[in-house]
Structure formats: structure tokens, C-alpha cells
Amino acid sequence: MIIQDFTANEVTNKIDEISFSWESPSNIALVKYWGKNPDQTPKNPSISFTLSNCTTKTSILFKRIDKTSKNIGFDLIFDGKKNTSFRPKIVKFFSMIQQYCPYLKDYHLLISSSNSFPHSSGIASSASSMSALSLCIMSLEKKLTLIDDDYFFKKASFISRIGSGSASRSVYGGVNFWGKHKELNNSSDLYSVKLSKNISPKFNNYRDVILIIDDKEKEVSSSVGHGLMNDNPFSKVRFNAANNNITKLLQILASGNLNDFCELVEGEALMLHSLMMNSNPSYILMKPETLEVIERIQDFRENSEIPVCFTLDAGSNVHVLFPENFSKEVMTFIEKELASLCKGGKFITDFIGEGPKQF
Ligand code: PMV
């Protein structure tokens, strides 16, 4: 089914060659998206913080071709080298968005991309890479047709979602919401919205230190994990719990109650991983060091009364979340007690950011 709101306007400009570049950040979900429908809509809504330092920079040179091609033609350069491993994902993405971006078939795309965070650091890059790619495509659409800024970002989120669900939450800075929920009138399963009202200043510049526990590609991909939710015996319970957690998190974000924030965010991370353990086949992505880190964070919180907590993506790495004003104490704790549990002592210091930038 084609969603009419996102079909492209008539092309009013003829452009032979043009290039656009966007730097787009990754994001970390607080209430997790886990389980999806065949049309890449989520089984439950999610809320995330957009990051700053973990970004993908993507440039696309669009060159008009003489004859409209059947498929969208492209070459991909990653980290300065021709890349073939990401090709199948991009081919699939293009085939899914071409009904919304038919003008792409008039062009050959030279895509050049690189990540700010170390390659193979075990950090999911699909959110930053798919959103950067989508923003470059939307920049072309903006040049060819008449669209306003609101629509530009809404459609960028819409097509990012088709590439990777979590990428829909990376086109705006701050706190993002994706998925229909009764408490937010403008929420949608098709794209994310930025939460700009009712966020306590305690969350300004909130920190996220990503502890690299394992830098290898995870054994079970997110797409396989989402698929396994279809037959997970706890899926119904989970989707209800996620909806309730959204209601609670909206209240917490407004009140700035950081103890409740820690409890909810950690519960979400552990529920995500317990769903994996309860899948058929069952799998575990946490490593012994993940559990040790979790225990040390919880002990530190109890002893210091500093509201620091952890969350996890679909992997073994740990995101340590805390308010900016406790940076000194928490960074000392991380360096002294957690860095030794990281692969090669590696961690990445990040914080809530402003969102993608055109360069
Ligand atoms: O966007 P995907 O398909 O890579 O799925 C992301 C799933 C989680 O990172 C585990 C949760 C989330 O909401 O980002």
C-alpha cells in the first residue's frame, strides 16, 4: 500500500548534477522498539535521545542519466574505499523507497560515507547511516519540487524508517518519539516526532558514555531479532508494557524525577534482553563483562546517590546515562572501575545532541 502523503510532488526543476552532504547522529532508545510489522511499522512506540558524537557523514553526487533506469543505480564509497558489503541493504532500501522518490531513477548516485565512531566498534550505525542517506535524498527532492521544511524532515524520517526503524528517530535532535500512542496526538507509526514540550531542564546535555564491551558484529542481527518477536510467548505482555512505559516516561521527562528515570530505563534494557533469551531459538547478546558493568553501576548509584543508570541496545555494549552536572564524578568512576572491563579499555563519550547538520 502506498502512503499518499509521502508521494513526491511534480518535478518543477531540471538539474543535471548536484551534490548534498549530511552528518547525522545515532540515537539511543529509552523505551525500546522491538518487534515490527511487515511494512516496517513498529509493534510498539519508542522514545530516544539523539546523540552528538556518534555520527555518519554522507555525501551523494547525483548525476542525471540519459534514460530513466528501472532500478536506482549507485556506487558506494565507505571510508574512502569502494564498498560492496553494504550494497544489498541499500539496494533493498532503494527498491522500497522508489515509489516515494521516483525522481531518483533519473540519476546515478555516487554515495560516499564514513562514521565518526571507530568502524567495527559494535555500535549500531544503521540509525545514523540511513538517516544521513535519507536527508541527502530529501535535499534533492527539495531542489526538484516544492516542499517546506516541516515536510522535508517528516519525509526524511518516513524514508529513514523504511531503511531502519530506529533511523526514523535520528532526523531531529533532542528527544524523539516514534509510533502511535494515545498520549501524543501527533504521533505516528510512519515517522518520528520531536518532543519539545514538557522536558525538564535536568535532561539538557544528558550524557551517554558508550562502553565498548565487544567490538565484533553481533551474532544475531536486529532484523532477525524483530522477526523472532512474532512467536515470542511474551510479545503481547511486552507490547503492553512498552505502551505503559511510554506513559510513565513522558511523566518522568516532564517532572525530571531521575530516580524513576533510572528504574524505568534499566527495566526496559533488561526486558529487551530477556525477550531475546525467551525467543525461539533463544539467544544471549550480553557478555560476562556486560553483567559486571551493570552490577558496578548499580552499586555506584546506591553508594553515591548519583542518578546514573545503564541501557543496552541489541548488543553487549553498555550505555551509561547521567546528568551533565555529575560528569566529573561519573567519569572518574568510569575510568577507575569500568574502563578495565571494556575491550581495549575503549569507551565513547557522548551526549544528547542537536540533530543532523548539512555540510
Ligand atoms: O532499527 P533497527 O531495526 O536496527 O532496530 C533497533 C532496535 C533497538 O536498537 C534494540 C531498539 C531501538 O528502539 O533502537
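Whatever order the structure lists ligands and atoms in, that order sets their numbers, starting from 1.
Phe234 does not carry Arg238 over the face of its six-membered ring by the limits of under 6.0 Å from the centre and within 45° of the normal. Seen from the ring of Phe6, Lys155 does not count as a face-on cation partner, given the 6.0 Å and 45° thresholds. In this structure, Arg207 is not positioned above the aromatic face of Phe326 in the sense of NZ or CZ being under 6.0 Å from the six-membered ring centre and within 45° of the axis.
A salt bridge links Glu266 and Arg301; the closest N-O separation between the charged side-chain nitrogens and carboxylate oxygens is under 4.0 Å.
Every atom of ligand 1 with a heavy atom of Ala29 under 4.0 Å away is listed here by number and element: 12 (C), 13 (O), 14 (O). Within ligand 1, the atoms closer than 4.0 Å to a non-hydrogen atom of Ser164 are 1 (O), 2 (P), 4 (O), numbered from 1 in the order shown. The contact set between ligand 1 and Arg169, taken as ligand atoms under 4.0 Å from a residue heavy atom, comprises 12 (C), 13 (O), 14 (O). Listed by number with element, the atoms of ligand 1 under 4.0 Å from a non-hydrogen atom of Ala314 are 10 (C). Set against the non-hydrogen atoms of Gly165, the atoms of ligand 1 under 4.0 Å away are 1 (O). Annotation for ligand 1: atoms under 4.0 Å from non-hydrogen atoms of Ser222 are 4 (O).
Between Tyr33 and ligand 1, at least one pair of N/O atoms sits closer than 3.5 Å. Some N or O of Ser166 is nearer than 3.5 Å to an N or O of ligand 1, by distance alone. At a 3.5 angstrom cut-off on N or O pairs, His226 counts as close to ligand 1. Considering backbone and side-chain N/O atoms, Ser46 never comes within less than 3.5 Å of an N/O atom of ligand 1. For the pair Lys36 and ligand 1, the shortest N or O to N or O distance does not fall below 3.5 Å.
Under 4.0 angstrom from ligand 1, the non-hydrogen atoms of Ser126 all belong to its side chain.
With no hydrogens or angles considered, no side-chain donor-acceptor pair links Glu324 and Tyr206 at under 3.5 Å.
Looking at Ser192, Ser134, Ser126, Ser129 one by one, the single match for side chain to side chain contact (heavy atoms under 4.5 Å, CB included) with Ser160 turns out to be Ser134.
Looking at heavy atoms from C-beta onward, Phe158 lies in side-chain contact with Ile3 at the 4.5 angstrom threshold.
Using a 30° and 60° split on the angle between ring planes, Tyr33 and Trp178 fall in the perpendicular class, above 60°.
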